[in-house]
Each structure stands twice: as C-alpha cells, then as structure tokens.
Amino acid sequence: MPAAPEPAAPKPVAPEPAAPKPAAPIGIFDSGLGGLSVLRAVRAHLPDESFVYVADSRHAPYGPRDQAFITERTLAIGEWLAQRGAKALVVACNTATAQSIAVVRERLAIPLVGVEPGIKPAVQQSASRAIGVLATQATLASARFQSLLDRYGDDCRFVCQPGHGLVEAVESGDTGSAALRALLTRYLEPMLDAGADTLVLGCTHYPFFAAAIRELVGDRLAIVDTSDAIARQLSRVLDASGLRAPGPAAPPRLCSTSDGRQLRALASALLGLDAPVESVTISSPHTADA
Ligand code: DGL
C-alpha cells in the first residue's frame with residue numbers, strides 16, 4: 001500500500017509585532033534639526049507623553065534628494081523607531097511627508113502623523129489674497145503640494161519660493177547672521193512686491209527664522225506655522241487609537257545620525273533641554289552607513 005502522505009509541516013509564522021502600549025514613547029523624526037520646532041509644540045500640548053527624536057542630520061538636506069532616497073530614509077527611521085517600541089510616529093518633515101507618507105503609511109504598523117504646508121489656514125486669513133510659500137524644492141515640486149493648492153487655494157495667488165540654503169543654515173547653527181538675513185530678504189521681497197500679506201513656512205526648519213523674518217518684514221506678513229496644528233492632530237490620533245499616555249512623561253531621548261553636537265545645542269537653546277544626544281546608525285539601502 002502506498003504510504004499515506006505526511007501531513008504538511010506547519011509553516012513558520014512570523015511573530016506579530018507587539019501591540020503598541022500607551023506608556024510607550026512617540027517617535028518623531030526630521031531630516032535634521034527642524035523637527036525640534038514640532039517637538040516643542042507637541043511637548044507643550046501633550047505633557048504626559050514621552051518622545052524619541054531622530055535627526056537624520058547625516059543625510060540633510062532632503063530637499064535636493066529624489067523621492068526614492070527620501071522614502072527609503074523615512075521608512076528606515078520609522079521602522080527603527082517602531083522596533084524600539086515607539087507607539088506612533090510623527091514625520092516632522094514636510095519634504096518627507098510630501099514624498100513618502102503614502103508608502104510609509106502602508107508599511108508601518110503604528111499610527112502616523114505627517115506635516116504639510118499650512119495652505120488652508122493661510123487662505124482663510126489672507127486679506128490681500130496673495131500668499132508667499134517658503135518650502136524646500138522637493139516639497140514645492142510634489143504632487144501632494146499641488147493637490148493642497150488645488151483643494152484649498154481658492155481665489156488666492158501663491159508666490160512659491162524654494163528655500164535654498166536655509167536648512168543648511170539651521171543645521172550649522174545659523175538662525176540670524178547677516179548673510180542669512182540677506183538670503184531671507186531675497187526670498188521675501190518678491191512676495192511683498194506681489195502684495196502678499198501672509199507667509200507659509202512650509203519646512204519645519206524655518207520657524208527658527210521667525211524672529212529674523214519678523215525683524216525684516218515687521219507685520220507686513222502674517223506667519224503661518226503648522227506646529228500647533230500637528231500637536232492637535234497627534235492628540236486626536238492618540239485618542240482614536242487608545243494610546244494616550246497615563247503620564248508622567250520621561251525626558252525626551254535625542255538621537256542623531258551625525259555627531260549630534262548641533263542637535264544638543266539647538267535643543268538646549270530652543271527647548272531648554274539639556275539632554276545628551278545619542279549618535280545612532282540607521283541603515284537604508286542606498287546610504288553609506290548601510
Ligand atoms: N525640515 C524639513 C522639512 O520640513 C527639511 C527638509 C530638508 O532637509 O531639506 O521639509
């Protein structure tokens with residue numbers, strides 16, 4: 001008699017990732033130091049939450065990079081944070097959100113919040129119906145940005161200016177030198193000449209220039225920065241997922257893919273955080289640290 005077929009061996013099952021826990025920290029990342037402006041807002045809004053911040057300063061700026069590179073970095077950092085127990089991820093980078101949020105949302109198992117230039121609030125408040133937008137080249141060229149203009153632009157005219165050199169200035173610790181003010185003047189004057197009364201800061205590095213911009217343009221331009229809106233959105237996402245932390249919060253953990261000196265200096269100056277910065281390696285397929 002032919003032997004009865006052996007029962008098929010059970011297939012190995014990949015372990016399910018552990019469900020995120022309310023007391024776990026929230027991961028927050030940017031190409032570099034800009035996301036600190038978002039960290040400041042979310043900490044103020046959600047004082048019981050703990051945060052792990054990753055600055056990908058080794059690969060900043062993202063603005064001139066292509067979509068594949070930005071998506072790889074966003075995924076690699078999101079996965080790195082999720083593997084270390086982050087319960088949610090804030091992509092505190094307009095450029096990474098514009099280029100990669102749809103893919104990252106599909107691949108990551110934790111809730112995600114991205115950031116976008118504040119076109120909608122700017123349109124709601126502009127009296128002159130002319131609006132300046134300062135953002136990275138990659139953000140301005142993205143389909144997501146075009147879709148924001150199509151959906152919310154209404155009858156407004158937009159003067160869109162890529163902020164070449166501005167991310168590099170923040171990364172090197174410059175938020176107000178004479179050279180930086182000259183660069184900002186070059187970017188803002190065409191907006192004023194076009195009658196703009198509102199300025200959208202479409203990059204999380206740019207709120208660090210708020211004082212310099214105010215000094216240059218006085219109250220001729222109302223500044224729209226979305227940090228507080230992101231904090232409110234994060235709060236809604238945590239509530240919807242049952243992931244609100246019971247408190248008390250642990251001190252933020254700061255990580256950088258470079259040596260972290262500027263991250264430490266800016267976190268101290270801006271957030272009053274005197275925390276050590278961990279230098280971390282996060283591999284992705286096309287980076288030298290892979
Ligand atoms: N903070 C990033 C953003 O909001 C800067 C991107 C870059 O590194 O060019 O877009």
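None of these values were measured; they are calculated from a predicted model. All ligand and atom numbering here is 1-based and tracks the order in the structure.
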Have a look at ligand 1 and work out which part of [X], if any, has a heavy atom under 4.0 Å from it: side chain, backbone, both or neither.
X: Asp30; value: side chain
X: Thr204; value: both
X: Ser31; value: side chain

> Do Arg214 and Asp219 sit within salt-bridge range, that is, some charged N less than 4.0 Å from a carboxylate O?
Replying inline: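 No.
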> Would a distance-only check, ignoring hydrogens and angles, find a side-chain to backbone donor-acceptor pair under 3.5 Å from Asp197 to Ala127?
Replying inline: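 Checked: pair present.
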> Can you tell me if Thr204 uses its side chain to pair, donor with acceptor, with the backbone of Ala92 under 3.5 Å?
Replying inline: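 Between the backbone of Ala92 and the side chain of Thr204 there is a qualifying donor-acceptor contact (under 3.5 Å).
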List every atom of ligand 1 that sits less than 4.0 Å from any heavy atom of [X], numbering the atoms from 1 in the order shown and giving each element.
X: Thr136; value: 6 (C), 9 (O), 10 (O)
X: Val167; value: 5 (C), 7 (C), 8 (O), 9 (O)
X: Tyr62; value: 7 (C), 8 (O), 9 (O)

>> I need the minimum non-hydrogen distance between Lys87 and Lys21, along with the two atoms involved.
In response: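 Nearest heavy atoms, Lys87 then Lys21: CD-O, 3.5 Å.
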>> If I compare all heavy atoms of Gln262 with all of Ser172, which pair ends up nearest, and what's the gap?
In response: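 Smallest interatomic distance, heavy atoms only, reads NE2-O, 3.7 Å.
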Looking only at distances, please establish whether an N/O atom of ligand 1 is found under 3.5 Å from an N/O atom of [X].
X: Gly63; answer: yes
X: Thr139; answer: no
X: Asn94; answer: yes

> Which residue supplies the protein heavy atom nearest to atom 6 (C) of ligand 1, what is that atom called, and how far is it?
Replying inline: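 Checking every protein heavy atom, the shortest distance to atom 6 (C) of ligand 1 gives Thr95 OG1, 3.3 Å.
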> Heavy-atom distance under 4.5 Å between the side chains of Leu33 and Glu171, does that happen here?
Replying inline: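 Touching, per the 4.5 Å side-chain cut-off.
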> Thr136 pairs by side-chain contact (heavy atoms from CB on, under 4.5 Å) with which of Leu134, Leu140, Thr139?
Replying inline: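 Option passing the side-chain contact (heavy atoms from CB on, under 4.5 Å) with Thr136: Thr139.
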> Cys93 near ligand 1, heavy-atom distance under 4.0 Å?
Replying inline: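 Heavy atoms of Cys93 do come under 4.0 Å of ligand 1.
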>> Which label fits Tyr62 and Phe29: parallel for a plane angle under 30°, tilted from 30 to 60°, or perpendicular past 60°?
In response: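 Rings of Tyr62 and Phe29: tilted, as their planes differ by 30° to 60°.
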